[in-house]
Novice: 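Below you'll find the structure I mean.
Given the structure is predicted, the values throughout are model-derived calculations rather than measurements. Side chains included, hydrogens not; waters and symmetry mates left out as well; all remaining heavy atoms used. The sequence lines fix the lettering, A, B, ..., with proteins before strands; numbering per chain opens at 1.
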Amino acid sequence: MPSFCRDCLVDASPQATRCASCRSPRLLRHDELASLAIAHVDCDAFYATIEKRDDPSLAAEPVIVGGGKRGVVAAACYIARTYGVRSAMPMFEALRLCPNAKVIRPNMEKYAAVGREVRQMMFALTPLVEPLSIDEAFLDLSGTARLHGMAPAKALARFAADVEQKLKITVSIGLSCNKFLAKIASDLDKPRGFAVLGASEAPAFLAPKPVSFIFGVGKVSAARYARDGFHRIADLQNASEVELMRRYGEEGRRLARLARGIDTRCVDADRAPKSVSSETTFERDIADFRVLERILWSLSEDVAARLKAKELSGLTVTLKLKTADFKIRSRARSLDAPTQLAHRIFTAARGLLEHAADGTKYRLLGVGLSSLASAAQADPADLVDGRRAAQAEQAIDDVRARFGDDAVVRGLAFERRDKS
Amino acid sequence: MKVTVERSELLKSLGHVHRVVERRNTIPILANVLLQADRAKLSLKATDLDVEVTDAIAAEVGPGGSTTVPAHMLFDIVRKLPEGAQIVLESSGDRAALAIRAGRTRFTLQTLPESDFPDLAPGDMTHTFTLKAADLKRLIDKTQFAISTEETRYYLNGIYLHAAGTAKAPTLRAVATDGHRLAQMELELPKGADGMPGIIIPRKTVGEVQRLIEDPDAEILVEISSGKIRFTIGPTILTSKLIDGTFPDYARVIPVSNDKELVVDKKEFAEAVDRVSTVSSERGRAVKLSITGGRLLLSVTNPDSGSANEELEVGYEADPLDIGFNSRYLLDIAAQIESEAAVLKLADPGSPTLIQDKDPRGALYVLMPMRV
């Protein structure tokens, strides 16, 4: 059975428990090690790890990165996780579980910069990198063995060691024959892990898992499948693809295949984003239109800045609200032409907000643009105003680029900074 | 109050007034229609505080009086009563209810006091003129489609009506634009309209007036003040607030020196545009016009679904040109072209294009190109 040392990449003998060369116990061993080429790379507790890296005094503390009392946990370090803290958990609950946790406000710019460095290092392995978020991606290393002078598994182990050495953060790698299995594998050996899941062992591995283990199967659909007798993936494996298709249509076909570890989706390097959005959870519930409006403006500016940075524009503006009792309300409106201007995004979203601000208390507000188009198609010249709206916003952007974001603030968003 | 009316008369009249009543109302009285019975006449009135419509029909009036009832509900009731029915409306002063009887059918509707019904005080009208219904309808038809729906530029949410032309040939001109296209229609200035202020008639009003015009030969009385307009169409009177704003200087966007002239068969052109735009997506409805010599190639490329093109023989002698337009806007304009041939006056792919009938008869259209 092929095996090698994750630390020094030297091949190991099949029976060895430590590397003969560097004495490391981190040996990787798998029948299909030489052939598997689809990987899922996930940074371990990304935000929290970066914060610990930058402030060594936090090393032994439970660290939670996230917004104030009302926000959610964006990342929890592995110490905090031992208390039961999980990502996306409301902050109050996290602090109940782990009252002595150090809570750090997220610094997205810093994380994005590190994320970009990680991605650059991925591109050294293969051009086929499909980012899923700031800190995880699928990589297809098929056909790179010759280029790297080593099998994909070894190239990935070297990549993990390089990231650790250069960026002082750790990653976990899942290696398999498709995206579905690779993603499962990366979760098996976290943190600082490297797990291999071969095609031949996948059905047996999946069989005892609940149906909800398959991505896209939520609470509601899992309950439905359970009613029909499909509790574990094994139950799906025992049903034929045709039978599942008859019951669940297209989704049945997907379930039948994934249950057997079959996933034909490609690693798509230039998967275009479908929408650009920004949202925020408030410290306290808000019903006041004026206050919501001001928050909407800053979110609109945020979305506009990101559209401009990505050279995109969007035609459909969506307003998202979450009520105090956690109900999501979402309203959308299409514009005459794609835009990337904060003012236009805000105006459209404000109209939607006016209808929604009927006294209901909200805990979250978000705005997004979809039906994306290129920047070149954005904000075409207008018979009445020419390109004045676009030019005005360009002028503001230029001032901000030189003098900082606070150099120009729209009256609506201006808060008096009294000394008190 | 007690009145007896013909079902068909009442239905027609309610049809005139009930549409201005908004479906969703926060002020209860605005959901109601005011009924006033007096001397062989039943008057009806409805308003949304911006537009008010009154109508009157012949009626057999017992004791006179007035009351208000939910407009849409009354309309639905009358609509469902059998044809040819005689309807009796009766209210007694001490109960807040209106009884509606027709044959063996009987309804009782809750009422609100007439005194609560708001009045859209018309104020002093400064200019008065009459227009033939067909002419007013033409002013509206040719421009209405270009009215903007964008709320921020509220001053574009209507038709700009004003006196224009030259001293020798003064005109009454209607203009509407949403920034992407502009439509202008004019006719000879009627007597009494000279010196009138430029006014912006809101979209809703324009639509209501258009619907109220039934007989093209009728004479319509138009009265204007700086803040309001009133149309008298037979027994129906529509009073509306005007949009308080300044309409932009539209004249500067109407191209005067576009020298590349493209003449197309309107029907053939519209059908071809419609055909090729089938493959365009919801978001980018651009159709590309490539013109060389006497040939026009219409093409649409949609990266998500495919492409289409069609060639037309056209009249064109200027230098070859490629230009893109929103296909829906092109079709909107084509629908207003009356003559067989349409003339497009082009300058370059980035500048507004002028579109007219071969024989213009007062209408012109300007269309902003799209990048293709």
Novice: A:L335, A:T316, A:D382, A:D385: which one forms the most heavy-atom pairs within less than 4.5 Å of chain B?
Specialist: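 Top option by heavy-atom pairs under 4.5 Å: A:D382.
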
Novice: I'd like to know whether CG of A:D358 has more than 12 heavy-atom contacts from other residues, nucleotides or ligands below 6.0 angstrom.
Specialist: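 Counting neighbours around CG of A:D358, more than 12 heavy atoms of other residues, nucleotides or ligands fall under 6.0 Å, so yes.
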
Novice: Highest number of heavy-atom pairs under 4.5 Å with chain A: which of B:R181, B:E150, B:R153?
Specialist: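 Winner by heavy-atom pair count: B:R153.
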
Novice: Salt bridge (charged side-chain N to carboxylate O under 4.0 Å, His left out) with A:R306: which residues, sequence neighbours excluded?
Specialist: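 Listed in chain order: A:D302.
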
Novice: With sequence neighbours left out, what residues match A:E279 under salt bridge (charged side-chain N to carboxylate O under 4.0 Å, His left out)?
Specialist: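 Salt bridge (charged side-chain N to carboxylate O under 4.0 Å, His left out) check on A:E279 returns A:K320.
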
Novice: Using the benzene-type ring in the case of Trp, are the ring centres of B:Y250 and B:H162 under 6.0 Å apart?
Specialist: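 Yes, close enough.
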
Novice: With a 4.5 angstrom heavy-atom cut-off, could you sort out which part of B:F247 is near chain A: side chain, backbone, both or neither?
Specialist: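 No part of B:F247 comes within 4.5 Å of chain A.
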
Novice: With a 4.5 angstrom heavy-atom cut-off, is it the side chain or the backbone of A:R344 that approaches chain B, or both, or neither?
Specialist: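 The answer is neither part of A:R344.
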
